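Heads up: the structure comes next, in structure tokens.
Naming convention: chains lettered A, B, ... in sequence-line order (proteins, then strands); numbering from 1 in each chain. Quantities reported herein were computed from a predicted structural model and do not represent experimental measurements.
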Amino acid sequence: MTTVGNGGRHGPDGGGGPGSGAALTLTKKDFASDQEVRWCPGCGDYAILSTFQAFVPELGIPPEQMVFVTGIGCSGRFVYYMDTYGVHGIHGRAPAIATGVATARPDLSVWVVTGDGDALSIGGNHLIHALRRNVNVKILMFNNQIYGLTKGQYSPTSEEGKVTKSTPFGSLDHPFNPVALALGAEASFVARTVDVDRQHLTGVLRRAAAHEGVAFVEIYQNCNVFNDDAFLALTGKETKGLNQIRLEDGKPVTFGPDGARCVAVEFDGTLRIADTADTPEELVYVHDSGHPNPAPAFALANLSSGPTEPTALGVFRDVRRPVYGELMDRQIALATEKLGRGDLGKLLHSGDTWVVEDGGVPVGSFQS
Amino acid sequence: MTTVGNGGRHGPDGGGGPGSGAALTLTKKDFASDQEVRWCPGCGDYAILSTFQAFVPELGIPPEQMVFVTGIGCSGRFVYYMDTYGVHGIHGRAPAIATGVATARPDLSVWVVTGDGDALSIGGNHLIHALRRNVNVKILMFNNQIYGLTKGQYSPTSEEGKVTKSTPFGSLDHPFNPVALALGAEASFVARTVDVDRQHLTGVLRRAAAHEGVAFVEIYQNCNVFNDDAFLALTGKETKGLNQIRLEDGKPVTFGPDGARCVAVEFDGTLRIADTADTPEELVYVHDSGHPNPAPAFALANLSSGPTEPTALGVFRDVRRPVYGELMDRQIALATEKLGRGDLGKLLHSGDTWVVEDGGVPVGSFQS
Amino acid sequence: MPTKTVEQKERVVVRFAGDSGDGMQLTGDRFTNATAVLGNDLATLPDFPAEIRAPAGTLAGVSAFQIHFASQDIVTPGDAPNVLIAMNPAALQTNLRDLEPNGTLIVNEDAFVDRNLEKAGYSTNPLDDGSLGGYRVYRVPMTSITVRATEGMGLTKKEAERSKNMFALGLLSWMYSRPTDVTTKWVEKKFNRKPDILRANLAAFRAGYNFGETTELFAHTYEVKPAPALPGTYRNIAGSTALAWGLVAASVRSGLPIFYSSYPITPASELLHELSRHKNFAVRTLQAEDEIAAIGAALGASFAGQLGVTGTSGPGLDLKQETISLAVALELPLIVVDVQRAGPSTGMPTKTEAADLLAALYGRHGESPLPVVAASTPANCFDTALEAARIAVKYRTPVILLSDTFLGNSSEPWRLPDVDGLPEIDPHFATQVNHDDGFMPYLRDENLARPWAVPGTPGLRHRIGGLEKEDVTGNISYEAENHERMTKLRAAKVAKIADDIPLLEVDDETGDAELLVLGWGSTFGAIRGSVRRTRRSGRKVAHAHLTHLNPWPRNIEGVLRRYRRVLIPEMNTGQLAMLVRARFLLDAESYTKVQGQPILAADMDEQITRRLTS
Amino acid sequence: MPTKTVEQKERVVVRFAGDSGDGMQLTGDRFTNATAVLGNDLATLPDFPAEIRAPAGTLAGVSAFQIHFASQDIVTPGDAPNVLIAMNPAALQTNLRDLEPNGTLIVNEDAFVDRNLEKAGYSTNPLDDGSLGGYRVYRVPMTSITVRATEGMGLTKKEAERSKNMFALGLLSWMYSRPTDVTTKWVEKKFNRKPDILRANLAAFRAGYNFGETTELFAHTYEVKPAPALPGTYRNIAGSTALAWGLVAASVRSGLPIFYSSYPITPASELLHELSRHKNFAVRTLQAEDEIAAIGAALGASFAGQLGVTGTSGPGLDLKQETISLAVALELPLIVVDVQRAGPSTGMPTKTEAADLLAALYGRHGESPLPVVAASTPANCFDTALEAARIAVKYRTPVILLSDTFLGNSSEPWRLPDVDGLPEIDPHFATQVNHDDGFMPYLRDENLARPWAVPGTPGLRHRIGGLEKEDVTGNISYEAENHERMTKLRAAKVAKIADDIPLLEVDDETGDAELLVLGWGSTFGAIRGSVRRTRRSGRKVAHAHLTHLNPWPRNIEGVLRRYRRVLIPEMNTGQLAMLVRARFLLDAESYTKVQGQPILAADMDEQITRRLTS
Ligand SMILES: Cc1ncc(C[n+]2csc(CCOP(=O)(O)OP(=O)(O)O)c2C)c(N)n1
Ligand SMILES: Cc1ncc(C[n+]2csc(CCOP(=O)(O)OP(=O)(O)O)c2C)c(N)n1
Ligand code: SF4
Ligand code: SF4
Ligand SMILES: [Mg+2]
Ligand SMILES: [Mg+2]
């Protein structure tokens with residue numbers, strides 16, 4: 001009926017781009033496309049977009065060096081609002097498409113924006129493989145614990161017993177803990193933050209951007225239409241102080257009013273929430289996102305059973321591992337060094353060949 | 001060219017089956033089909049099959065109550081050798097098909113046999129979702145760290161740098177740790193064992209069978225053709241004593257000659273291999289597969305970086321969670337109780353209807 | 001009070017259009033019920049906005065509902081509306097183009113304020129700038145009258161305003177002489193827990209009705225006489241509900257529990273939503289992790305002895321094809337519902353199309369034949385679902401059932417069938433060894449169907465898979481002739497279903513038609529309506545409609561050859577036409593419309609007229 | 001030494017058959033090279049066992065290699081072998097049925113012991129029970145002679161026995177007067193690090209040669225004269241290698257790095273294996289987690305400015321369709337190789353078939369047109385890969401390239417092309433804003449292709465996706481007419497490629513043929529061979545072969561209508577035939593063979609003869 005707008009081109013003013021000079025002074029405007037933003041009024045996606053656009057200039061990456069790849073879902077619209085290169089792919093496949101972009105072109109800054117259904121339901125396999133491969137892609141998963149775009153079915157992160165359009169009698173599935181799943185899939189960078197906390201979100205994005213290799217960032221995002229206030233415990237004025245467990249490297253993890261509560265090391269191999277007063281100082285867990293072993297991060301991810309209880313936020317894990325695209329480039333360089341730059345004529349003539357001379361008679365000897 | 005045999009029917013002697021009487025005396029023979037076993041001579045799959053067939057009668061389940069679902073791969077042939085009901089599905093989809101079988105029919109004993117490629121590469125998504133849902137399926141993953149059936153490409157569990165047909169210059173991918181992945185995916189039962197250790201394998205199978213809900217069992221399996229001796233450290237006469245870390249519930253985890261080495265609790269949130277002599281007794285990790293928190297199991301899975309080093313074997317985790325198929329049955333029972341057994345006539349007439357009488361004139365009033 | 005005259009009408013098309021928040025779907029629904037109870041024949045079509053919740057007053061947020069009602073048998077929701085109710089400028093902007101010339105336009109004058117005009121892209125107010133000259137425009141201050149009518153009921157202004165849709169309903173009810181008690185009763189029941197809202201809604205409804213009666217704006221009311229109808233109990237039903245209920249009916253008539261496993265996708269999600277409400281029919285619904293898992297689980301359930309069903313739309317059909325191919329090899333009952341939408345790729349998810357026919361027939365690697373059926377009207381979705389189940393179970397085969405967005409959303413009155421008269425489906429499970437050498441899972445019956453032996457049955461243990469199977473035994477076989485034999489057997493089994501389906505019926509009253517319109521799917525209404533209409537104006541035209549797209553009814557060739565010309569209208573670029581041409585070397589013509597919109601009766605009028613006058 | 005006579009032969013088909021451990025593939029390879037150097041034309045076909053490593057001596061473990069060589073242009077690996085070398089009873093059991101009546105059978109007598117006979121299912125020794133009466137049988141104790149010949153070389157008996165294939169090679173080399181130096185040199189090079197093995201192999205080879213020369217068993221040797229050939233450098237090449245190299249060539253000729261992303265599957269894995277060896281051509285190979293990821297990554301690479309390619313076989317094609325549909329919407333270059341195998345479902349993974357044509361053309365939801373090309377001979381795989389790349393890049397479109405198991409495995413001599421003479425492919429990246437209002441990603445050129453602007457290009461930032469796009473701007477659009485326009489534009493772009501491909505050539509020497517055989521894919525050799533042969537015996541038959549399955553060459557209709565009858569042979573149930581019938585309403589006849597085996601020239605002889613005598 002109507003041209004919904006969105007997508008395609010960027011207008012003539014966005015056209016020039018800042019070029020790729022050394023001393024870039026980029027602003028939020030350089031990254032905002034001319035497309036009208038079309039989420040439901042009040043959706044948490046607005047906050048994330050705005051924070052992202054405000055943050056991204058500091059990276060000093062020219063917008064034409066950036067590629068966004070998104071899947072299908074409300075979150076997938078993100079791509080149309082960033083005035084960079086972008087692919088709005090199909091449902092669940094953004095990590096796969098982005099793997100191609102990032103592996104073909106290690107010079108690009110590649111971002112995936114995805115939803116809890118897109119990333120963890122239909123796209124679960126691509127996600128875990130992108131993580132283990134350590135592809136140089138930053139994956140932002142907007143977790144609203146619901147299917148927004150298809151109007152309100154439960155998602156793989158919805159709590160058990162959830163009543164939705166597809167589960168009028170309550171859902172039966174035990175949800176994923178996305179941070180735990182990512183850690184189980186060998187992710188080298190895993191973080192969690194919330195849509196409305198601009199500062200925390202910015203901090204996490206900054207760390208993710210700086211990380212070499214794959215970064216998985218779970219962003220709790222409020223879907224005010226189909227799953228309003230799912231994260232109230234972490235965002236509500238009164239509750240957030242009680243429930244946000246902020247992870248900061250090198251610091252003992254305490255939280256709550258006056259740091260009255262803490263994360264304690266147990267001798268059974270777990271981390272547990274405890275009263276700081278009752279916990280010997282050496283048993284208060286000191287955060288180290290760079291720990292080579294993913295076990296502490298995993299334990300932090302399992303402190304509670306969901307965002308309605310005290311929940312760890314911040315960078316769980318941030319370790320250096322070889323980056324897939326770079327490895328591939330290196331392999332190509334090495335092979336080229338060893339074998340010489342590919343010569344098609346030589347390739348065709350490699351191995352056993354024979355020559356037929358003008359008379360149509362074979363010369364009868366092989367050239368190998 | 002030839003009828004390869006296998007598959008289809010079971011012969012007339014297998015025909016009767018043992019019936020489903022109360023006092024079953026089943027033997028290995030009751031579960032062995034008449035099909036010639038066709039793995040490469042020396043393949044670890046033989047040992048697993050033989051151990052399984054020897055073990056399974058003790059469950060007292062009539063063979064016609066058992067269903068095997070397999071994917072594509074050498075491991076997939078397993079289904080043809082068990083004289084039960086069976087589906088040889090397509091590559092990677094066995095957990096999905098088995099989810100249907102087990103959810104439709106909670107009375108059946110449903111087993112999936114899969115390979116490292118089948119389960120973790122193409123089938124990764126179905127695997128992690130079957131695990132989180134806690135579908136009542138026992139998943140045996142034969143991990144030979146290679147693609148056998150397609151003749152030797154690397155798999156998602158192959159070590160980095162692996163030279164195979166598809167990676168003549170060495171693979172670039174960081175492998176999965178299947179136990180860690182399963183734990184990250186909320187599995188309620190996770191275990192690891194080896195093909196050639198009949199007793200250990202039997203013990204793990206017994207625990208898996210007893211577990212209510214999904215069980216994920218990684219079985220290290222030697223592919224003597226394309227990846228021989230990948231697990232020598234754990235199976236070799238001289239080396240296995242040094243490298244097998246046997247997990248036993250309620251016991252401090254020590255291993256090596258005279259238990260000289262142990263698994264120690266660290267204050268940084270990890271478990272670590274240490275010398276028993278240097279480790280205070282209270283810091284020697286005591287195994288508890290029933291721990292509600294998956295963190296200790298995950299830490300055990302990350303003690304080392306692969307089966308060439310000391311590696312934990314046994315049941316990592318075994319906790320009770322509601323079983324998907326049972327939940328669904330219960331929901332049906334509840335709905336039926338509340339709404340009454342579905343009556344099609346009533347359904348069709350529910351809501352707004354109107355009646356047209358013989359003259360073709362509507363009666364003009366709704367029945368709701 | 002001036003006396004109003006009553007004018008008789010044969011058919012009317014009314015469209016309610018407003019903001020998503022204006023409750024147009026509900027208004028349409030209620031008007032529909034009042035119309036149904038009056039005995040008019042009718043058909044309806046909602047038009048939802050593509051956005052989840054677009055900002056109020058924007059073009060993207062417009063929601064509309066169209067109803068076509070008549071004193072005669074009708075078959076479509078209508079083409080150009082005769083009456084358009086526009087609750088705001090955006091609704092006017094997006095819907096006006098469809099209104100018939102000189103049609104009736106009723107606007108909520110209160111909403112035509114600057115802010116709304118701007119959002120709708122108007123630089124001047126169309127109510128004032130003369131641009132609506134071609135219509136009969138009625139400006140009604142709906143919001144303010146509603147607010148006044150509900151004063152003193154303890155509502156905030158916003159709450160009060162929200163009842164303006166009931167005002168519109170009241171007005172239209174008056175205008176078309178709809179009974180009021182149906183609506184009144186419904187409001188009372190619906191809001192019995194919220195007395196304030198109840199009172200406000202009733203007041204607004206009455207205000208609208210009375211406004212029509214009292215104001216001098218409207219000179220007359222209309223009456224549309226009841227349509228002749230067969231005696232029976234009727235309800236109004238949408239295609240998606242009918243399809244879901246058809247599956248439930250198949251379960252009841254076969255004794256097989258439905259196992260519906262699906263991944264949400266517009267417009268197929270409705271089936272999951274509807275079926276998940278019927279757990280007391282032992283319907284198992286599983287929201288799978290993706291489409292591949294969804295069909296995998298359904299197939300597993302079929303192996304386990306239930307009726308596996310999976311539903312999706314185009315992109316999901318692509319993903320399911322590999323498993324459908326497995327089902328073809330396993331020869332197990334399975335129903336795959338494809339509610340088609342506009343493609344390729346994500347396309348236009350909320351728009352209709354019928355371009356998956358070739359994918360349904362040929363979208364799998366190898367030779368992988370299966371039966372395909374397509375529903376033709378909302379109520380027919382019920383029958384077609386039953387028919388798909390009958391074929392799937394009897395022939396042990398996956399069946400693809402095609403519906404589309406238009407069919408799924410639109411609705412029509414349905415004379416409720418007698419449950420006991422519905423076809424019975426015998427699952428005919430194997431319980432006995434069928435051969436001297438033991439159980440042979442691929443020993444076929446007279447229909448070429450193989451035995452369905454479910455786990456738990458003693459003596460019939462067997463293994464089946466996707467590798468080629470030896471005829472009869474089901475053992476794996478790489479033998480050349482066996483492969484050819486099995487390939488032919490699979491095809492023959494599907495082809496043989498032609499013996500077991502109704503012959504193709506032709507609507508050709510006089511028997512002397514020159515042009516046959518051959519349709520399939522949701523074009524039924526448009527074709528039937530147009531054929532009848534153009535016939536009345538002398539065109540020699542007939543209509544036949546395919547429910548079975550594979551195999552075709554035995555008499556199809558005879559039917560086609562009886563006519564000088566054959567026209568095949570499709571919401572694709574000519575897929576059925578290609579098949580007909582290939583099979584019969586018959587120069588079937590194609591009329592195609594790929595606009596994400598249904599083919600209209602008017603489109604067909606033009607196609608038919610052009611062909612029969614030129 | 002008795003003097004042996006030399007007999008001239010025009011063509012010979014030899015098949016080596018033995019246990020997988022017997023080295024038959026290597027033997028065949030070496031014999032092929034010696035044959036090539038002699039100047040015979042040739043074609044070869046290996047036949048691998050389905051099992052990875054079946055127990056020694058079993059039927060499942062038999063491995064065979066067939067070579068057809070001649071003094072004339074030949075086109076297939078041959079039908080019935082004239083000579084069968086059977087290294088053990090299992091090899092005899094599985095291959096004898098193919099040997100021509102009165103054909104030459106050379107057996108390794110030593111292997112015909114009880115245990116082996118039993119494994120092969122013989123209850124009596126066929127060498128003794130008279131069952132081989134219809135053949136010329138030569139019993140040669142290959143194992144024991146080999147062991148004797150290598151005595152004293154420090155080898156274990158087992159090691160020594162392993163050289164018996166070289167004995168067989170030597171014997172056949174003598175028999176068909178093949179040069180020995182080629183083989184000798186190869187052995188020397190291959191085993192230069194293992195002198196023991198080197199010596200043993202040479203000794204066995206010589207023993208075989210001398211055995212032929214000295215024993216009275218064989219009365220004469222054969223000579224097959226060199227075939228006339230165009231001057232140039234030749235090599236023997238298998239279809240899979242040629243296809244991979246064609247992609248490398250496309251990279252070289254376009255300057256676009258190849259990004260080959262694939263998931264292993266028989267028989268397409270060979271492409272991944274081969275391409276992964278050419279990293280020094282900047283070929284990126286990615287073994288993805290599944291087929292969907294594979295094509296996703298390839299498409300991502302294309303967006304990023306490389307030449308994305310993905311390869312698979314039937315089951316994988318099904319899985320890729322949804323992403324192919326996205327590529328159709330994105331209008332990006334992409335090559336999808338489908339090495340077809342026997343289906344449906346897992347089917348017979350090691351057997352050939354060509355039944356994915358309709359899936360390639362129509363296997364996606366919605367209207368999703370794309371070009372399809374098919375290779376016809378092993379060497380032609382090179383050209384077809386280049387052609388696929390040319391079309392993909394020039395028209396910004398996914399292209400499906402069809403090959404099959406038979407093509408991939410068989411090989412033929414290939415006159416190496418001059419690299420500089422290969423078609424150049426200009427990626428023609430967009431670098432400039434193309435419109436006054438900014439960059440328009442869907443503003444088309446004269447070929448209807450859209451600009452390819454790769455990330456990193458300043459000023460051309462844009463976003464594209466799978467939702468329907470507005471013409472020119474690429475913005476999302478749900479507008480009805482736009483959708484129809486875009487649907488037509490996508491189709492028109494593909495259809496227009498017909499202007500840019502060679503006309504269909506007909507092999508019709510005299511121009512008076514009555515029957516045209518229209519083929520596609522790997523049937524080329526069988527058709528061409530048979531048409532020439534049957535023509536020589538007076539049949540009026542012509543041959544045309546389609547490389548471009550979509551769009552077809554412009555002249556196809558004219559070509560088809562020129563003949564009284566058109567026969568379309570296919571390794572499916574008549575897929576191309578259906579398309580031809582639909583398009584031209586032309587009564588094309590179908591010959592189909594769905595046995596997992598190639599169509600043979602003999603099959604074609606029968607089909608042609610039957611049609612031209614009856
Ligand atoms: C193959 C396929 N299956 C299903 C869909 C329908 N679909 C689109 S988005 C979506 C889920 C969206 O949920 P989520 O990823 O959580 O995103 P949100 O809308 O909540 O941001 C689904 C099921 C589709 N577009 N394609
Ligand atoms: C859709 C699809 N893709 C690919 C294949 C080819 N394939 C068959 S088995 C297999 C991998 C087998 O590896 P694994 O699961 O480790 O089993 P193994 O053979 O090692 O036991 C592959 C890639 C297939 N059959 N189907
Ligand atoms: S449906 Fe939910 S997630 Fe989607 S735009 Fe609306 S509020 Fe946001
Ligand atoms: S290829 Fe490896 S895994 Fe497969 S049967 Fe042979 S030895 Fe076993
Ligand atoms: Mg979501
Ligand atoms: Mg494996």
At a heavy-atom distance under 4.5 Å, which candidate from C:N572, C:V580, C:V328 has the highest pair count against chain D?
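Maximum pair count with chain D is reached by C:N572.
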Any idea which of C:T346, C:L317, C:V594, C:D356 has the most non-hydrogen atom pairs under 4.5 angstrom with chain D?
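Top option by heavy-atom pairs under 4.5 Å: C:V594.
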With a 4.5 angstrom heavy-atom cut-off, could you sort out which part of D:L579 is near chain C: side chain, backbone, both or neither?
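Interface part for D:L579: side chain.
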Donor-acceptor side-chain pairing of D:H365 and C:D318 below 3.5 angstrom:
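Note: D:H365 and C:D318 side chains meet the donor-acceptor criterion.
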Identified side-chain contact (heavy atoms from CB on, under 4.5 Å) partner of D:Q595 from the options C:R485, C:E484, C:E479:
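Among the candidates, only C:E484 passes.
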Counting only non-hydrogen atoms closer than 4.5 Å, does [X] touch chain D with its backbone (N, CA, C, O), its side chain (CB onward), both, or neither?
X: C:L357; value: neither
X: C:I292; value: side chain
X: C:P349; value: both

Main-chain N/O of C:T573 paired to D:E367 side chain as donor or acceptor, under 3.5 Å
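Such a contact is found between D:E367 side chain and C:T573 backbone.
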Applying side-chain contact (heavy atoms from CB on, under 4.5 Å), run through C:M348 and D:H483 and close with a yes or a no.
CA-CA 9 Å; C:M348 307 192 299; D:H483 178 52; 3.4 Å; yes
Greatest number of heavy atom pairs closer than 4.5 Å to chain C - which of [options]:
options: D:A491, D:G314, D:G466, D:A354; answer: D:G466
options: D:Q340, D:M486, D:E468; answer: D:E468
options: D:G596, D:P344, D:G343; answer: D:P344
options: D:A342, D:P369, D:G363, D:A588; answer: D:G363

For C:R581 against D:R583, the heavy-atom pair lying closest together
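It is NH2-O, 3.5 Å.
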